[in-house]
Chemist: 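One structure, pasted below without further comment.
Worth saying up front: this structure is predicted, and the values here are computed from it rather than measured.
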Amino acid sequence: MKRKYWLMKSEPSAYSISDLERENVTCWDGVRNYQARNFMRDDMQKGDGVLFYHSNIVPPGIAGEAVIAKTSYSDYTAWDPKDPHYDPKSRRERPTWFMVDVQFVRKCREIITLAQLKETDGLEGMEVVKRGSRLSVTPVSQEAWNIIMRKFR
DNA sequence: GCCAACGTTGGC
DNA sequence: GCCAACGTTGGC
């Protein structure tokens with residue numbers, strides 16, 4: 001299957017690119033949005049490229065590159081009443097929420113800021129540059145990926 | 001801290 | 001099934 005590309009948001013106060021660098025691999029738990037879940041559950045394949053995006057910080061932007069290390073499986077944090085993302089709707093026999101494993105590839109030398117992304121020709125179609133975009137997992141086109149990879153240098 | 005945008009919930 | 005109220009996200 002052809003390699004696909006994604007942008008995944010995280011608040012660095014909760015989990016940053018440096019946390020991923022230290023851990024190497026992490027499970028992307030806590031996603032509680034159906035559209036984002038569907039992308040993870042149905043479309044992500046091992047080896048897909050990931051833009052690791054820092055949200056809710058100044059400045060927001062792409063902080064590094066990662067790769068999908070494991071396809072989706074049940075997000076067990078939904079079953080834990082003590083977890084902040086606990087969801088009683090999700091049953092073990094019929095899980096509502098899913099996660100994937102994400103592996104560190106590299107950090108950006110400098111954050112590629114949202115402002116820069118908005119100014120870059122060819123990235124107009126990216127979800128993250130659109131006004132009011134809140135989806136935490138979004139597909140990235142091959143073209144957009146290539147443009148952004150050039151900015152990593 | 002503010003608030004626009006958006007998703008979810010629940011009464012009807 | 002509609003839609004107002006509410007909660008969350010996330011840029012600024």
Side-chain angles (χ1 to χ4, degrees), chain A residues 4-23 26-44 48-68 71-141 143-145 147-152:
Chain A
K4 292 189 292 295
Y5 305 97
W6 307 94
L7 181 142
M8 299 174 87
K9 294 182 187 174
S10 181
E11 301 194 12
S13 60
Y15 197 86
S16 73
I17 189 73
S18 298
D19 293 323
L20 185 61
E21 181 177 36
R22 194 174 333 107
E23 285 197 297
T26 193
C27 54
W28 205 263
D29 63 309
V31 172
R32 297 291 180 268
N33 170 283
Y34 288 101
Q35 246 186 303
R37 177 206 67 181
N38 292 348
F39 285 135
M40 290 201 297
R41 186 190 61 185
D42 305 334
D43 298 329
M44 280 186 180
D48 283 359
V50 175
L51 300 170
F52 194 114
Y53 182 91
H54 281 177
S55 65
N56 245 305
I57 191 175
V58 180
I62 294 166
E65 181 188 351
V67 64
I68 300 299
T71 53
S72 67
Y73 55 104
S74 305
D75 182 343
Y76 46 75
T77 65
W79 300 328
D80 178 1
K82 290 189 293 295
D83 192 278
H85 301 291
Y86 173 60
D87 183 358
K89 287 196 306 296
S90 184
R91 309 292 192 77
R92 280 172 191 275
E93 333 69 86
R94 208 171 179 289
T96 307
W97 304 112
F98 289 79
M99 58 188 174
V100 295
D101 283 356
V102 170
Q103 182 170 18
F104 180 80
V105 175
R106 58 179 163 160
K107 263 187 198 178
C108 294
R109 277 187 298 103
E110 290 176 12
I111 299 281
I112 303 169
T113 67
L114 178 59
Q116 285 176 265
L117 296 175
K118 285 179 173 173
E119 286 170 359
T120 304
D121 289 338
L123 300 183
E124 300 81 5
M126 282 188 83
E127 279 304 316
V128 76
V129 309
K130 294 179 185 169
R131 187 153 171 271
S133 164
R134 299 192 310 162
L135 198 53
S136 66
V137 177
T138 50
V140 172
S141 69
E143 295 70 31
W145 176 269
I147 291 168
I148 290 165
M149 282 302 114
R150 268 181 252 130
K151 290 184 175 294
F152 268 77

Chemist: For A:W6, which residues count as a side chain to side chain donor-acceptor pair (under 3.5 Å) partner, sequence neighbours excluded?
Modeler: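 A:D48.
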Chemist: Partners of A:K107 by salt bridge (Lys or Arg N to Asp or Glu O under 4.0 Å), sequence neighbours excluded?
Modeler: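 Once residues adjacent in sequence are excluded, the partners of A:K107 under the salt bridge (Lys or Arg N to Asp or Glu O under 4.0 Å) criterion are A:E21.
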Chemist: Under the salt bridge (Lys or Arg N to Asp or Glu O under 4.0 Å) rule, collect the residues that match up with A:K130, sequence neighbours excluded.
Modeler: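 A:K130 satisfies salt bridge (Lys or Arg N to Asp or Glu O under 4.0 Å) with A:E127 only.
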Chemist: Test of understanding: with salt bridge (Lys or Arg N to Asp or Glu O under 4.0 Å), list the residues that count as partners of A:D19, not counting sequence neighbours.
Modeler: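 Only A:R22 meet the salt bridge (Lys or Arg N to Asp or Glu O under 4.0 Å) criterion with A:D19.
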Chemist: What pairs of residues pass the salt bridge (charged side-chain N to carboxylate O under 4.0 Å, His left out) test when at least one of them lies in residues 29-40 of chain A, not counting sequence neighbours?
Modeler: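 The answer is A:R32-A:D75.
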Chemist: Just jot down the salt bridge (Lys or Arg N to Asp or Glu O under 4.0 Å) partners of A:E11, sequence neighbours excluded, or say none.
Modeler: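 Applying salt bridge (Lys or Arg N to Asp or Glu O under 4.0 Å) to A:E11 gives none.
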Chemist: Are any of the side-chain heavy atoms of A:I17 and A:F104 separated by less than 4.5 Å?
Modeler: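 Result yes, sub-4.5 Å side-chain heavy-atom pair found.
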Chemist: Treat primed atoms plus P, OP1 and OP2 as sugar-phosphate and everything else as base, then score nucleotides 1-9 of chain C 5' to 3': B for base contact with protein heavy atoms under 4.0 Å, S for sugar-phosphate contact only, - for none.
Modeler: ------BBB
Chemist: Output the residues of residues 57-66 of chain A in contact with DNA chain C, where contact means a heavy atom of the residue under 4.0 Å from an atom of the strand; sort by number or write none.
Modeler: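 Listed by number, they are A:P60.
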Chemist: Just jot down the ring pair (Phe, Tyr, Trp, His ring centres under 6.0 Å) partners of A:Y34, sequence neighbours excluded, or say none.
Modeler: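 For A:Y34, the residues satisfying ring pair (Phe, Tyr, Trp, His ring centres under 6.0 Å) (neighbours in sequence not counted) are A:W97.
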Chemist: Which part of the nucleic acid, if any, lies within reach of A:K118 when heavy atoms closer than 4.0 Å are counted: base, sugar-phosphate only, or nothing?
Modeler: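 Touches sugar-phosphate only.
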Chemist: Measure from OH on A:Y53 to P on C:dG10 and round the result to the nearest Å.
Modeler: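 To the nearest whole Å, that distance equals 8 Å.
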Chemist: Considering heavy-atom distances to DNA chain B, does A:R32 or A:R131 have its closest nucleotide positioned more toward the 5' end?
Modeler: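 The answer here is A:R131.
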Chemist: Which whole-number value in Å describes the distance from A:N33 CG to C:dG10 C1'?
Modeler: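 Answer to the nearest Å: 14 Å.
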